[in-house]
Amino acid sequence: MSVDINGLIERTRNWDKAAIARLITLAEEGVEIPLNIQRRSHVIGITGPPGSGKSTLIYAMARKIPQDRRVAILTIDPSSPFTGGSFMGNRIRMQELTSKPNIYIRSMATRGIRGGLNYATIAAVNILEYAGADYIFIETVGAGQSDTDVKYVADTILVLVPPLSGDEIQALKSGLMEIGDIYVVSKSDNQASESTYRDLLAMVDMVREVKGDSWKPIVIKVSGLYGYGVDELLKLIDDRFRELVNNGKLNESLTNRRLLEMRLYAYDLLEKRFAKDKELENDVANGKLSPQEAARRLLGMELPRLDHVAVAVRDINNAAEKFRRLGLKVGDPIIVEEQGVKVVMVWLGNTRIELLEPLNQSSTVAKFLENRGEGIHHIALEVNDLDEFIKRVQGAGLTLTGKPSKGAEGIVTFIHPKSLNGVLLELVQRRISNE
């Protein structure tokens, strides 16, 4: 059944929670949602050790935010080892809020992503900002060095530390101490909170200069359960947002979000591809294929592989411009004196088109143009070890056109078209990166 994505997007603009939910589900299924994001939401990441009171604090803040403000809450739960989905524990605890028309809540799974967020979470933030959310709260799984991707998405990071948590404060040093904007001593109805408050003040003082930001990290005591300090925390959050707006920092956050979205989408595609290729997985498990070679195959990097198709042209600038107008990525010209050509690469995902223009009338490309006119000149294969592949060529009774020489991106040689059914086949071994 077809889905009217444009219709859903239009409904989302009116804070239609059913449409928002459907769009996020589509994003989780890998559907790209075409949105033109204009920054307006305050994206707030809330992290801290498990049991530090993240859900309770979000619940307390959401209840105090005026009902004319739109609030979105994304709770990131550990993935189920059986279904890959979220356990949904946090949404159950905040069930009362779902009935409020200005509040949208969604539980999402980490899906095993190391940084604590996945592509669908970023897509959900985009959808919610497009829908006009004033606040978007992201509750992460917990503290630790691997739970810091939220800093690329959130405008403000709240780090929760419960009393009597010396071990957790030490854990903060490994990653979260660098990303916090507001440090919250949670469960401050406990008498031990004062000691934790002083410890955090001392640690924050050590990193104030490192942050290099006009906003200096703040430590505050809060009890989400009893409401102590919640109003003051909300004021700090709003102060932080005003400063970000005044300093033009919101677009910086959007740039970071987009870059993370690209990386996480790549992980998502790779995971789906891996899940489909059970034969590859079985070959690794049975020892038929090394994990490294399997990974290269998964990424389309197995060798030999089609590297490019070369096209001889008389005017390389004119030809390159035509490909640009097709929306393709076109590289800068490269002069290869050894081959007597000017080269421009056109990128096509997992392969390329190589445009060739002769530098002089004595080059082989010039002779090709004279005899055959513009068109496909040769096909290139990338090989891992050129010397070893040459032995394979000779063992097959095929003839090379000459000795290996320098090409546009490495060492190359050619198999003569007379010994390969009229096809000029280039063999390419890329340069080693540290050469």
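- Using a 4.0 Å cut-off between charged nitrogen and carboxylate oxygen, E29 and K272 do not count as a salt-bridge pair.
- The residues E129 and R257 are annotated as salt-bridged, a charged nitrogen and a carboxylate oxygen being separated by less than 4.0 angstrom.
- Of the inter-residue distances, the one linking L233 atom CG with S186 atom OG reads 11.0 Å to the nearest 0.5 angstrom.
- R13 is linked by a side chain to side chain donor-acceptor pair (under 3.5 Å) to nothing, counting only residues two or more places apart in sequence or in another chain.
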_Derivation and outcome, side-chain hydrogen bond (donor to acceptor under 3.5 Å, both in side chains), residues T156 and D181_ = CA-CA 6 Å; T156 300; D181 299 300; 4.9 Å; no

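- Atoms CD1 and CZ, on I65 and F137 in that order, are 4.0 Å from each other to the nearest 0.5 Å.
- Of the candidates L236, I237, L244, R240 forms a side-chain contact (heavy atoms from CB on, under 4.5 Å) with just one, namely L244.
- Environment of CD in E10: sparse, with no more than 12 heavy atoms of neighbouring residues, nucleotides or ligands closer than 6.0 Å.
- The existence of a salt bridge linking D155 and K249 is excluded, since no basic side-chain nitrogen approaches an acidic carboxylate oxygen closer than 4.0 Å.
- Other residues, nucleotides and ligands contribute more than 12 heavy atoms inside 6.0 Å of the CG atom of D239.
- Each of L201, I220, V219, L160 was compared with V185 under the side-chain contact (heavy atoms from CB on, under 4.5 Å) criterion, and only V219 meets it.
- Tested against H308, the residues H378, E409, E382 include a single side-chain contact (heavy atoms from CB on, under 4.5 Å) partner, H378.
- Note that CD1 of I103 and OG1 of T98 are 9.0 Å apart. Values are rounded to the nearest 0.5 Å.
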*asked:* Apply side chain to side chain contact (heavy atoms under 4.5 Å, CB included) to residues L424 and I379 and explain how you reach the verdict.
replied: CA-CA 7 Å; L424 179 61; I379 297 173; over 6 Å; no

*Could you walk me through whether T196 and D199 pass the side-chain hydrogen bond (donor to acceptor under 3.5 Å, both in side chains) check?*
CA-CA 5 Å; T196 304; D199 289 343; 5.5 Å; no

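- Under a 4.0 Å N-O distance rule, the pair R258/E261 does not qualify as a salt bridge.
- Within a 6.0 Å radius of CG in L270, other residues, nucleotides and ligands contribute more than 12 heavy atoms.
- With values rounded to the nearest 0.5 angstrom, R352 atom CZ is found 10.0 Å from L306 atom CG.
- Atoms CG and CD1, on L348 and I353 in that order, are 4.5 Å from each other to the nearest 0.5 Å.
- Between E281 and K278 there is a salt bridge, since at least one side-chain N of the basic residue sits less than 4.0 Å from a carboxylate O of the acidic one.
- The structure places CG of N384 at 12.0 Å from CZ of R305, a figure rounded to the nearest 0.5 Å.
- Ionic pairing of E321 and R324 is present here: one or more N-O contacts between side-chain nitrogen and carboxylate oxygen are shorter than 4.0 angstrom.
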_I'd like to know whether R198 forms a side-chain hydrogen bond (donor to acceptor under 3.5 Å, both in side chains) with S193, so could you lay out the CA-CA distance, the side-chain angles of the two residues, the decisive distance to 0.1 Å, and finally the verdict._
CA-CA 9 Å; R198 289 196 301 269; S193 62; over 6 Å; no

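- At least one cation-pi condition fails for K17 and Y104: the charged atom is not both under 6.0 angstrom from the six-membered ring centre and inside a 45 degree cone around its axis.
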*Verify side-chain hydrogen bond (donor to acceptor under 3.5 Å, both in side chains) between E354 and H377, making sure each step is shown before the conclusion.*
CA-CA 10 Å; E354 180 185 56; H377 180 266; over 6 Å; no

